[in-house]
Enquirer: 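Can you read through this structure? Questions will come right after.
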Amino acid sequence: MRSFLPLIAGLLMAPSALCQDDLLNLLGEEETGPEYTNASFKTTRVINGHSLENTAHGVLDFKIGHRFGPANGGAAQAYGLDGATVRIGLDYGVTDRLMVGIGRSSYQKTVDGFAKYKLLRQCDAGCSMPITLAVVASSSMTTLPADEVPWYGADRTDYFSHRLSYAWTLIVGRKISENVSLQLNPGVVHRNLVASTADPNDVVHVSGAGRVKLSKRVAFNVEYFYVLRDQLPDNFRNSLSVGLDIETGGHVFQLHFTNSSGMFERAFITETTGDWANAFSAPSKGGGFQFGFNISRVFTLHEPKRPKG
Amino acid sequence: MKRHTIILFAALALPWAASAQDRYMTRTGHIEFHSSTPMEDIHAENDKVTSVWDATTGNVEFAVLIKAFSFEKALMQEHFNENYMESNKLPKASFKGTIKGVSAEQLTKPGSYPVEVSGTITIHGVDRPMTTKGTVTVDAKGAITATSEFAVKPGDHDIKIPGAVKKNIAEEIAVKVRLDYSKM
């Protein structure tokens, strides 16, 4: 009998408590479907490389990327503002997990295309996935005249395949808190043709990126591509970029400093010539870093039918 | 001994049975809002409103899951959650108050009743007193539907709208609610 007493006391109290307050508690916990983490990064690129974000299903993202010349060019070069390389691209969300994109860069007059698929999605509620895992497969093709392709020697035959390169990237990332997101993005760049037999066709890199939100609409980004040793000639550097994302409704403006001029994988991973160590030295020692920006503007082309209720 | 316990439990269970009699609930209530400006129309819908209404006392409660609002544009939805409503921190909006103008008895007969709803609305963690009009309809089959329309000002709930998009978001957002209640 004694063991019943607390139970009875509890039962006595329960109805009176319910009458007063919290009618909704009568319904108990509501079930929610899987709720995927969103807004880990402001846009689908951190700076040059891909972030773990995709454009949403049915959304077209028009991207303009611009890199000025080396900032150590001095006043004569307007601190780099006279130079320019540009990439214009279109990305589209085929589903919430699959996005595809194409682009055209002035750097080596290159056309590139990619597909990015989210294998796993970090989850806030309804499932327990702690990370987002995505794969990006991309390819690029230079359209330069044969005598200008940098990796063509005098005796090279200009096969179409000699102009191509591929890149595969694995993105493992997590939105650690409302303000901090981190990702590791190792990968390999395959160049169908390289300048000399000393250069490997496949270049492996282990890279990472992160962002810290400074306010609701401004975030600070860092991105570093570490190419494993002894794969590239001495004059090439690892790509390091820092920048700000500024979001205003349908646009995201990304302003940054980077030592890379190209905006597709082969260019910024295997052909970065700027050296942060030269940031403030004379231009004759080589380029340091440059100022650049990306602008993203989204258009909703197709409104997917989202499940209701 | 055993019999005593059973009687005791039965007696204890009585208030439960009595108080549960005139309670109505829904988990699939509909809420939509509309912001209209010359620059842009913004519309979002949500079919996951939960509500419990005790017709005897007139007390009513609503809870709305912010993340369940669906927009035409995915980016709007992301910004709504991330920048304006901060739904990771404040996942729900709620209302707690009373419905006056219809009795528990009337709810058992077909008819349409104008009601007054008053209480406290909580959006973005900020409480505001609210009074609005609504309609409760009981159809021939006994199904109960409650509808109401009212306006909410983002400024009242500490939802800051930056200058760049001030012209795109209305100062007063029109809200429509429609709930099909079933007996608990």
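Lettering of chains follows the sequences in order, A, B, ..., and the numbering in each one begins at 1.
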Enquirer: Checking heavy atoms, do the side chain of B:V60, its backbone, both or neither come under 4.5 Å from chain A?
Expert: backbone

Enquirer: Between A:K216 and B:N83 (side chain of the first, backbone of the second, donor and acceptor by atom type, cut-off under 3.5 Å), is there such a pair?
Expert: yes

Enquirer: Atom NZ of B:K67 and atom CG of A:N38: how far apart are they, to the nearest 0.5 Å?
Expert: 6.5 Å

Enquirer: Rounded to the nearest 0.5 Å, how far apart are CG of A:L24 and CZ of B:F62?
Expert: 9.5 Å

Enquirer: For the atom pair CG (B:L65) and CD (A:E35), what is the distance rounded to the nearest 0.5 Å?
Expert: 6.0 Å

Enquirer: Chain A heavy atoms under 4.5 Å from B:S94: which part of the residue, side chain, backbone, both or neither?
Expert: neither

Enquirer: So how far is it from A:N25 CG to B:E61 CD, rounded to the nearest 0.5 Å?
Expert: 7.5 Å

Enquirer: Check step by step if side-chain contact (heavy atoms from CB on, under 4.5 Å) holds for B:V165 and A:T248.
Expert: CA-CA 8 Å; B:V165 292; A:T248 63; 6.0 Å; no

Enquirer: Assess whether a salt bridge exists between B:E82 and A:R217, defined as any Lys/Arg side-chain N lying under 4.0 Å from an Asp/Glu carboxylate O.
Expert: no

Enquirer: Would you mind telling me which of B:R23, B:M184, B:M25 makes a side chain to side chain contact (heavy atoms under 4.5 Å, CB included) with A:L23?
Expert: B:R23

Enquirer: Should we say atom CZ of B:R178 is surrounded by more than 12 heavy atoms from elsewhere, each under 6.0 Å from it?
Expert: no

Enquirer: Where on B:S87 is there a heavy atom nearer than 4.5 Å to chain A: the side chain, the backbone, both, or neither?
Expert: neither

Enquirer: Checking B:N88 against A:E178: is there a side-chain donor and acceptor pair closer than 3.5 Å?
Expert: yes

Enquirer: Please determine whether side-chain contact (heavy atoms from CB on, under 4.5 Å) holds for the pair A:H251 and B:L75, giving the CA-CA distance in whole Å, both sets of side-chain angles, and the decisive distance to 0.1 Å.
Expert: CA-CA 10 Å; A:H251 293 90; B:L75 197 67; over 6 Å; no

Enquirer: Between atom OG1 of A:T300 and atom NZ of B:K73, what is the distance when rounded to the nearest 0.5 Å?
Expert: 5.5 Å

